[in-house]
Amino acid sequence: MMGKVTLRNLAAHKIRLVLTAVAVILGVAFVAGTLIFTDSMNKQFDELFSRIGTNVAVDVRAKQVVGADDDGSAAQPVPAAVLKALRGVDGVKDPKGNVSGYAAVVGKDGKIVGTAQNGPPQIGVNWTTGGSYDLSAGRAPQGPGEVLVDAKTAEKGKLAVGDTTRVITAGQPARMRIVGLVDTGNLMGATLTAFDTATAQKLMLKPGYFTDIEMGSTGVSQAELRDRVAKVLPQNMEAVTGEKLREESKSDIATMMSFFRTFLLAFALISIFVGSFIIFNTFSMLVAQRTRELALLRAIGAARGQVTRAVIGEAVAVGVVGSTLGLAAGAGLASMLQTQMGDAGQGGLTFTATPVIWSYAVGIVVTVVSAYFPARRAAKIPPVAAMRDDVALPQRSLRIRVALGSLLTLAGAGLIGAGLAGNGGNPAVPVGAGAFAVFIGIAMLAPVISVPVMKVLGAPFARLMGSPGRLARQNALRNPRRTAATAAALMIGLALITTVNVLGATMRASIDEQVDAQFGADYLVQADGAGGIGAGVSEKVKATPGVSAASPTYEGEARIEGKNASFMSGDVPAIAKAAKLKITSGGTAIGGAGIMVDEDTAKHNGWKVGSAVPVQFTDGRSERLTVTGVYTKSDLIGNRIISQAAYQRHTVNPSMDAIVVDASAPGAATKTALESALKDYPNVKVSDQASLKEDARKQVDGFVTFLTILLVMSVIIAAVGVINTLALSVIERTREIGLLRAIGISRRQLRRMVRLESIMIALFGAVLGMGIGVAFGAALQNALADKGLGVLAVPYGTLLVYLVVAAVIGVLAALWPAWRAGRMDVLKAISTE
């Protein structure tokens with residue numbers, strides 16, 4: 001019986017429930033798309049690693065002393081003498097020394113082929129017979145002027161066998177002839193170049209060294225061969241089985257993809273959270289409109305549980321339909337994400353049971369939970385209510401709601417504060433829980449907040465738009481719970497978008513302040529991408545007219561006091577001048593075994609000028625360096641500066657991070673001269689103070705835009721909620737609309753009334769959300785002030801644009817409900833009960 005009632009109600013309210021299902025579809029699409037996309041990428045990586053190194057039984061490499069806890073830095077290279085020793089180990093088959101590093105190819109257009117920054121790697125290797133790849137054309141390289149290029153890179157750069165091109169590495173740029181093409185399959189967008197071993201060592205490492213040494217087995221198990229090999233290795237070397245090597249590579253990728261999946265799912269959960277407000281509001285209005293119908297069911301014998309199950313049944317149906325369509329939409333979203341990945345996303349989609357299970361679980365559970373309280377309320381309608389003409393659901397007092405909302409808001413703010421304070425543990429957990437509590441608390445308080453705010457927001461409309469404006473304001477004020485519930489969805493999306501924009505503006509302002517206060521050089525030469533700066537760049541810069549001094553700087557990692565730590569090295573007086581360092585004790589005369597630290601580091605470790613500091617470098621050897629100076633905090637330099645002599649004693653192939661340049665006549669002419677001198681190095685750029693700020697702003701803008709795009713889904717769902725509420729509100733007020741038309745209001749005025757009501761609701765949600773977003777952004781800035789975010793900046797212009805966008809959302813959301821209201825037949829509307 002009640003099953004038939006549920007099906008009939010679904011059929012009778014198709015449009016209303018379809019609008020509700022849209023919120024489910026969008027939320028589920030985000031979840032499904034994320035899971036399908038990451039599953040597909042994981043499969044591609046698995047296939048990639050299954051083809052690489054399959055014949056490797058044991059691999060020899062330097063022990064990674066520094067960065068062993070967090071994989072922060074690469075270990076030292078392996079001397080060629082180790083390869084000679086391995087040839088005498090019983091069971092070792094065909095040992096080969098590998099050389100790998102950064103190498104990029106310049107195309108016909110004079111630009112590096114592939115994405116130079118924040119993209120897939122540009123890999124250079126030595127070519128060995130029987131390796132992981134096959135030649136698709138040409139022959140193997142046989143001298144310093146020859147190179148192999150992967151076929152896809154050659155196609156992108158419009159290069160062919162026999163062409164001469166420039167190859168960019170950490171050394172000098174080299175003009176080489178392409179003697180062959182390599183078939184790499186799907187390298188996920190990475191580029192590959194290959195040289196003969198001697199050339200690879202010279203360009204990317206150092207003559208007489210390998211990155212690692214791999215070998216096969218004559219029949220001995222990998223574990224046994226590893227143990228045999230380990231016996232002949234120096235103390236700072238280790239042997240690992242081929243299986244472990246591949247598992248490590250897969251584990252690194254799995255960790256990266258897991259983070260990416262969690263990151264995207266967080267935004268999916270935000271969309272679902274917003275959608276739950278829409279579902280709750282829709283079912284609350286549907287129950288209110290069907291009060292007499294539900295009371296009649298109770299009067300003819302339906303029990304409370306049956307009425308509850310009938311409404312829940314409708315929710316389940318909406319959840320199933322929404323989840324199904326959301327899963328299909330998620331596949332489309334995953335395909336779009338793969339397209340955006342370029343060459344890295346060419347492997348097609350992978351479908352597993354996980355996205356299907358989670359899509360239906362999330363869609364149905366969220367819909368049912370959101371509809372549960374309206375369903376319970378429906379069950380409490382007394383049968384006698386069916387006999388009344390003015391039947392309506394009773395409204396509870398707002399006192400409990402206000403008390404609970406205030407408590408949740410305060411508790412959420414406390415959790416956010418505790419998380420941002422960073423008192424141990426993962427700060428994302430308390431901050432996320434706190435933000436969730438704040439949103440729920442504000443949503444509960446919104447009916448009380450809405451009355452004074454809507455009076456202020458509606459005043460201009462009432463004054464300028466006449467009767468439609470006054471009626472729109474009264475309609476918005478008539479049911480503050482409904483107005484608040486509708487606006488709450490928009491509030492959440494705009495609160496998070498505002499937080500991101502405030503954080504972005506704060507980052508830009510803080511970086512500008514840091515550059516002004518801490519950058520004292522005329523120019524900075526940096527690598528524009530993954531590779532370092534070639535050895536010849538420094539000489540080119542020094543020889544440029546107008547340049548008075550050029551000082552290379554280096555970045556490295558070491559274990560200091562038993563912990564991984566990064567440091568800067570180079571010409572310390574030049575670094576101190578370029579960074580406007582304020583020395584509080586000691587000086588910059590660091591010598592060959594000195595270290596300088598900032599005040600916080602010195603205080604934390606109890607160091608002062610003259611203190612001995614044990615430092616273990618990447619080669620595994622240790623030194624005791626002497627503190628020669630202490631300086632005030634510098635965001636550009638970091639916490640430590642180590643003697644260049646000490647750094648180079650423990651580094652086989654030092655790679656320049658940047659070159660600090662002073663000019664006798666700084667200006668546009670000198671910068672142009674520097675750029676002209678470095679035209680053979682397309683991976684290097686010259687920056688002055690203005691361009692440093694501009695580059696930083698571009699990175700921040702990219703970060704803000706990316707997060708904003710991910711949050712736009714929640715705003716779209718909120719807009720659907722406004723449409724849903726207005727459409728149901730028009731149906732609910734059918735008789736009222738008929739009476740308004742009967743006393744002379746025109747269709748045009750009626751449509752304007754609905755549009756203005758929609759605009760007011762949207763503006764209320766926007767004002768509330770942006771207020772919360774500014775508060776969140778200020779809290780983040782205050783918590784991260786000592787991490788470099790020293791200036792709070794609120795992007796008022798951007799917020800004004802968002803306010804206008806909210807008004808436009810209100811107009812668009814009201815188009816269909818307003819059109820429907822204007823088409824009502826007056827007599828039928830008046831006679832509606």
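FYI, the numbering just counts along the sequence from 1. Every value quoted in this text rests on a predicted model; they were computed, and no experiment measured them.
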> Between Glu238 and Arg61, does at least one N-O distance fall below 4.0 Å, as a salt bridge requires?
Replying inline: yes

>> Checking Glu146 now: which residues fulfil side chain to side chain donor-acceptor pair (under 3.5 Å) with it, not counting sequence neighbours?
In response: Arg139

> Side chains of Arg226 and Val240: closer than 4.5 Å at any heavy-atom pair?
Replying inline: no

>> Are the side chains of Asp598 and Ser634 in contact, using a 4.5 Å heavy-atom criterion?
In response: no

>> Can a donor-acceptor pair be found, under 3.5 Å and without considering hydrogens, that links the side chain of Asp212 to the backbone of Asp59?
In response: no

> Does Thr350 offer a backbone N or O that forms a donor-acceptor pair with the side chain of Ser40 under 3.5 Å?
Replying inline: yes

> Which pair of heavy atoms, one from Gly97 and one from Ile213, lies closest together, and at what distance?
Replying inline: CA-CG1, 4.2 Å

> Do the non-hydrogen side-chain atoms of Thr165 and Asp163 ever get within less than 4.5 Å of each other?
Replying inline: no

>> Evaluate Val179 against Leu148 for side-chain contact (heavy atoms from CB on, under 4.5 Å), listing each step before the verdict.
In response: CA-CA 6 Å; Val179 296; Leu148 297 177; 4.0 Å; yes

> If you measure from the Lys or Arg side-chain nitrogens to the Asp or Glu carboxylate oxygens, is any gap between Asp150 and Lys156 under 4.0 Å?
Replying inline: no

>> Apply side-chain contact (heavy atoms from CB on, under 4.5 Å) to residues Val615 and Phe567 and explain how you reach the verdict.
In response: CA-CA 11 Å; Val615 179; Phe567 62 83; 6.0 Å; no

>> Go through it in stages, so that I can follow the logic: the residues are Thr618 and Gln76, the test is side-chain hydrogen bond (donor to acceptor under 3.5 Å, both in side chains), and I'd like the CA-CA distance, side-chain angles, deciding distance and then a yes or no.
In response: CA-CA 6 Å; Thr618 53; Gln76 293 284 298; 2.6 Å; yes

> Can you name the nearest heavy-atom pair linking Ala160 to Ile178, along with the distance?
Replying inline: O-CB, 3.9 Å

> Closest heavy-atom contact between Lys608 and Val627?
Replying inline: O-CB, 3.4 Å

Distance-only donor-acceptor hits, side chain of residues 639-647, under 3.5 Å, sequence neighbours excluded:
residue : atom : partner : partner atom : Å
Arg640  : NH1  : Ser566  : O            : 3.2
Ser643  : OG   : Gly591  : O            : 3.0
Ser643  : OG   : Gly592  : O            : 3.3
Ser643  : OG   : Ala645  : N            : 3.2
Ser643  : OG   : Ala646  : N            : 3.3

>> Nearest 0.5 Å, please: how far is CD in Glu555 from CD1 in Ile637?
In response: 9.0 Å

Please tabulate, for side-chain N and O atoms in residues 85-94, each donor-acceptor pair with protein atoms closer than 3.5 Å (sequence neighbours left out).
residue : atom : partner : partner atom : Å
Asp90   : OD2  : Arg228  : NH1          : 3.4

> Short question: side chain of Thr553, backbone of Gly570 - any donor-acceptor pair under 3.5 Å?
Replying inline: no

>> Run the side chain to side chain donor-acceptor pair (under 3.5 Å) test against Ser611 and tell me which residues pass, sequence neighbours left out.
In response: none

>> I want to check something: taking the side chain as every heavy atom from C-beta on, are Val525 and Val537 in contact at a cut-off of under 4.5 Å?
In response: yes

> So, do Thr34 and Arg261 sit near enough that their side-chain heavy atoms are less than 4.5 Å apart?
Replying inline: yes

> Do the side chains of Met176 and Leu203 get nearer than 4.5 Å, heavy atoms only?
Replying inline: yes

> What is the distance from atom CG of Asp600 to atom CG of Asn605, rounded to the nearest 0.5 Å?
Replying inline: 11.0 Å

> Just wondering, do Val125 and Ser100 contact through their side chains at under 4.5 Å, heavy atoms?
Replying inline: yes

> If only atom types and distance count, is the side chain of Thr38 paired as donor or acceptor with the main-chain N or O of Leu35 below 3.5 Å?
Replying inline: yes

> For Val60 and Leu233, what are the C-alpha separation, side-chain angles and deciding distance, and is it a side-chain contact (heavy atoms from CB on, under 4.5 Å)?
Replying inline: CA-CA 9 Å; Val60 170; Leu233 295 180; 3.7 Å; yes

> What distance do Gln122 atom CD and Thr153 atom OG1 have between them, rounded to the nearest 0.5 Å?
Replying inline: 8.5 Å

>> So for atom CD, which belongs to Glu155, do other residues, nucleotides or ligands contribute more than 12 heavy atoms lying within a distance under 6.0 Å?
In response: no

>> According to side chain to side chain contact (heavy atoms under 4.5 Å, CB included), who are the partners of Ser538, at least two apart in sequence or on a separate chain?
In response: Lys542, Pro552, Met656, Ile659

>> For the CG atom of Asp657 and the CD1 atom of Ile533, what is their distance to the nearest 0.5 Å?
In response: 6.5 Å

>> Would you compute the distance between atom OH of Tyr102 and atom CG of Asn683 and round it to the nearest 0.5 angstrom?
In response: 4.5 Å

> Between Val78 and Met237, does a side-chain contact (heavy atoms from CB on, under 4.5 Å) hold up when you go through it step by step?
Replying inline: CA-CA 8 Å; Val78 181; Met237 299 288 154; 3.9 Å; yes

> Quick one: side chain to side chain donor-acceptor pair (under 3.5 Å) partners of Asp571, sequence neighbours excluded?
Replying inline: none

> Would a 4.5 Å heavy-atom cut-off, applied to side chains only, mark Phe210 and Val99 as touching?
Replying inline: yes

> If you take all heavy atoms of Ile36 and Ala334, which pair is closest and at what distance?
Replying inline: CG2-CB, 3.7 Å

>> Restricting to non-hydrogen atoms, name the atom on Pro141 and the atom on Val147 that form the minimum distance, rounded to 0.1 Å.
In response: CB-N, 4.3 Å

> Backbone N or O of Ser622 within a donor-acceptor pair of the Gln616 side chain at under 3.5 Å?
Replying inline: no

>> Nearest 0.5 angstrom please: His650 NE2 to Glu623 CD, how far?
In response: 3.5 Å

> At their closest point, which heavy atom of Thr169 faces which heavy atom of Ala103, and how far apart are they?
Replying inline: CG2-CB, 3.9 Å

>> If you count heavy atoms of other groups shown closer than 6.0 angstrom to NZ of Lys202, is the number above 12?
In response: no

>> Checking Glu214 against Asn98 for the side-chain hydrogen bond (donor to acceptor under 3.5 Å, both in side chains) test, could you report, in this order, the C-alpha distance in whole Å, the side-chain angles of both residues, the deciding distance, and whether it holds?
In response: CA-CA 7 Å; Glu214 65 180 42; Asn98 295 322; 3.0 Å; yes

> Would a distance-only check, ignoring hydrogens and angles, find a side-chain to backbone donor-acceptor pair under 3.5 Å from Lys63 to Gln235?
Replying inline: yes

